[in-house]
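One structure is given below, encoded as structure tokens.
First listed ligand is number 1; within each ligand, the first listed atom is number 1. Side chains included, hydrogens not; waters and symmetry mates left out as well; all remaining heavy atoms used. Positions are given from 1, in the same order as the sequence printed here.
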Amino acid sequence: MKRIIKPGTRLILVFILTVVVSGGILTYLSINSISNFKELTEKEVTEEQRLIVDQVSINFQKKLEELAGRFTSFVLKEGEIDWTALKICDTLDFIKNPFVISKEKKFFWPWFMEDLKVNTEEMHSTAFLQDFKKAEKREFQVRNYNQAANYYRASLNHASCKFDSAKSLNALARVNLKMKNNEKAYSYYSEITDKHFSVLDNNGYPYAYYAVLNLLKLSDSTNFIMVIKEIESFLLKLTSGTIPLNNSTAEILTQISNWEFNSRMTDDKQISELEEYIQKINSRIRFINNYGNIIKESLMSGKDSEYPLTLGNFNVINGISSDTAKIVLIDPDLEYPMGFCLELNQIWSGIKKSDYCENTEFEYNINLIEKEESNSQTNNELGFTTEFSSFFPTHMVRISLKDINLVDTYVKRRSWTYGIALVLLLGAMLLGVLLILRDILREKRLSRLRSDFVSNVTHELKTPLTSIHMFAESILLGRVKTTTGKKEYLNIILKETERLKRMINNILDFSKREKGKLEYSFKKVDITALVKSALHDLDYWLVEENFSVHTEIEENVFINADPDALKQAVINLLSNAIKYSRNTKEIFCKLIKEKDTINIVVEDKGIGIPEDQTDLIFDKFYRIGQNRGEETSGTGLGLTVVKEIVEAHNGRVLVESQINEGSKFTIII
Ligand code: ADP
């Protein structure tokens, strides 16, 4: 048997199918796109990180080149070393340990005495030497310090150069110390530090070194301020290079520090100045110890150097195990090769200042770490470690997301957005289906009501037509003899035709309204007369059916209205009251004038209206009678017409009703 699916059901099925299929596809796509999204985001993170690291490397290289250029332009004037500039160039924040190498591959700057053997013997005059040797004999063999002192003084008198003077002053100071003649010893030593500070003895030691050490020993509360002054000027001369450095300078600096000048001094500025001198000198000595040989070797090996890196004019020495965070730059092609040091941390802090995350979607941490350290860091997809400069192969850059959970949060947020959008979409689709379903049901009900309407109208027409036919025939066939009888029959025919007219008017008006063709013509209307006339029109039926009518009609009520339409509305209410009354045949009709409105009330004691249908009765074609098996006839258009007319007058219709108690309709305009 062939199963026939109704068009409505088919439409619903198609819709449900569409919702299910498209919902399914959308869900599948969303899940797919979310998992792709995670991958894409991680890829984006890695790409951004690569770009940033590249930028960091480029900036780092640029910074190095810039610093090298700045050093050269500061220190070299027309290809010649500007010594004044060189000596103060380490006050520039980036330059560490500037140096100049002599042709003999020795340190010109800082001035450092490497071979201590210097023969000063031939520099002395013979007259001086004669006395000096006699004095030495008295001092070391005879141990007659007085006589020794006398001969040393004589040698001082014969001194013909600074070497003579420094040598005899030093001996005088020494022999006076032996005689416990401290004051004299002190004055000789201070003369050395004042006048002959740069003179070396035949061991290559500056006399000033002996003098300073002994001045420290000779210091007491009386000469303390003087000693401080001597030390200060000694340190200044070491710093400025007028007294050379050598392998024992560090030891002297330790002695000075141990002397605890800082606990004896009160001037903080002076203390920090002395400490600064000591630090500076120590750093130079350390630099020469660490790098001296390497620098010299690199100069000797020339182009086959094991340090092939270059930066501008400079050869670069890097990766010195004691100090991997430092590079030494040497310009070997100058008459006096010169160079300086750069410290990684300092350059790094300079280039780190620029904001690499300015144009990126995510924020990153960029850190400098040592290679060994980098092994302990896991390389996951949200961060990695890589080399960034060939000058610092032992150091790496580590880049990672500032917020490790960021990608997950991102994905979660996106999932929620998709989820919500999907639910909304499906909801909207479902709502669409429900609305269509409702419309279909409504259309179905309406078509049922319409078909009921046709049979109702037929029935409605038939009853009055039958009586008209019957009464007219009776008169025609002469069955009614009396004039009163004839009149009565004709009256019935008239009333039935009036009823027919009213009904047809209702249908015609409704149809016109449906097409939007009905127009109202408003004018000032005597409502009192209108209501009375409506009652009068139905007089016949009221009497016929034995109704008792209670009226309460205010006089002289005027409003602007379409009189025919409004009367039709009142008649419709009255005829319903007649139609739907059973045993208690009572009708109340009132016209009440309120402050701003007029109320027309039609009330009966009839069958009443179920509460849940008080709204439906105003729908077109709707009849309750059909459902509750009443026999009253009707078209289901009476109240529809009432409502439309009243609304056209800017009014409304109220219903109060109780089953088997009666109904009350109020027109409020
Ligand atoms: P009709 O009277 O032609 O059926 P109406 O639109 O005038 O159509 O009324 C719709 C329905 O409302 C009626 O079928 C009837 O069941 C109910 N109704 C209207 N007036 C009354 C009333 N006064 N008392 C009880 N029921 C009423």
Side-chain angles (χ1 to χ4, degrees), residues 445-446 448-464 496 498-511 513-514 531 534-535 537-538 541-542 545 547-550 565-590 599-648 652-667:
R445 202 189 64 181
L446 212 62
R448 200 187 59 229
L449 286 176
R450 224 176 257 133
S451 76
D452 287 348
F453 168 77
V454 173
S455 66
N456 284 338
V457 169
T458 327
H459 182 72
E460 279 281 277
L461 290 174
K462 225 167 126 191
T463 327
E496 287 290 359
E498 272 174 9
R499 197 163 82 166
L500 268 178
K501 203 172 108 192
R502 276 202 304 272
M503 196 181 70
I504 288 166
N505 272 351
N506 268 344
I507 297 171
L508 284 179
D509 284 1
F510 169 77
S511 141
R513 254 179 228 111
E514 285 281 280
V531 174
L535 271 169
D537 280 8
L538 291 178
W541 302 106
L542 291 167
E545 304 252 349
F547 270 93
S548 60
V549 183
H550 308 276
L566 201 58
K567 186 175 166 190
Q568 193 186 354
V570 178
I571 286 178
N572 280 3
L573 289 184
L574 283 169
S575 35
N576 274 357
I578 296 169
K579 257 200 300 193
Y580 300 110
S581 288
R582 289 286 172 269
N583 303 326
T584 323
K585 297 198 179 272
E586 260 181 288
I587 288 183
F588 298 81
C589 181
K590 296 176 193 168
N599 295 0
I600 303 169
V601 183
V602 175
E603 192 177 348
D604 61 61
K605 299 286 171 206
I607 57 169
I609 301 159
E611 207 184 323
D612 57 335
Q613 295 185 49
T614 46
D615 283 336
L616 294 175
I617 53 172
F618 292 99
D619 287 354
K620 53 187 173 187
F621 312 125
Y622 191 86
R623 305 198 66 231
I624 307 176
Q626 226 87 15
N627 310 332
R628 48 184 174 181
E630 284 159 15
E631 281 166 25
T632 47
S633 55
T635 55
L637 288 178
L639 286 179
T640 316
V641 170
V642 171
K643 193 179 171 209
E644 276 167 1
I645 292 173
V646 173
E647 278 172 359
R652 62 207 157 95
V653 190
L654 298 185
V655 200
E656 295 162 61
S657 182
Q658 262 188 326
I659 291 286
N660 297 329
E661 297 273 316
S663 314
K664 181 178 172 187
F665 286 81
T666 311
I667 295 175

| query | Can you tell me how far the NZ atom of K567 sits from the CZ atom of R502, to the nearest 0.5 Å? | reply | 9.5 Å

| Close N or O approach (I624, ligand 1; < 3.5 Å) | yes

| query | Would you say F665 and ligand 1 have an N/O pair spaced under 3.5 Å apart? | reply | no

| request: Look at the rings of F453 and F621 and say which category their plane angle falls in: under 30° parallel, 30 to 60° tilted, over 60° perpendicular. | output: tilted

| field | Any side-chain donor near an acceptor of the partner, D509 and Q568, under 3.5 Å | value | yes

| Within-cut-off N or O pair, R623 and ligand 1, under 3.5 Å | yes

| message | Looking at E496 and R499, is any side-chain nitrogen of the basic one under 4.0 Å from a carboxylate oxygen of the acidic one? | response | yes

| task | Pick whichever of G636, A577, G634 has a heavy atom sitting closest to atom 8 (O) of ligand 1. | result | G636

| said: Check this for me - ligand 1, I609, N or O atoms closer than 3.5 angstrom, yes or no? | reply: no

| query | When only distance counts, is T640 in polar contact with ligand 1, meaning an N/O pair under 3.5 Å? | reply | no

| task | Report, in ascending order of atom number, the atoms of ligand 1 lying under 4.0 Å from any heavy atom of K579. | result | 1 (P), 2 (O), 3 (O)

| request: Specify side chain, backbone, both or neither for D604, according to which of its non-hydrogen atoms lie closer than 4.0 Å to ligand 1. | output: side chain

| said: For I607, is there any backbone N or O sitting under 3.5 Å from a side-chain donor or acceptor partner on S581? | reply: no

| request: Determine, considering heavy atoms only, which of F453, F621, Y580 sits nearest to atom 1 (P) of ligand 1. | output: Y580

| All side chain to side chain donor-acceptor pair (under 3.5 Å) counterparts of N572, not counting sequence neighbours | N506

| task | Step through the shown structure and confirm whether more than 12 heavy atoms of other residues, nucleotides or ligands are within 6.0 Å of CD on E545. | result | yes

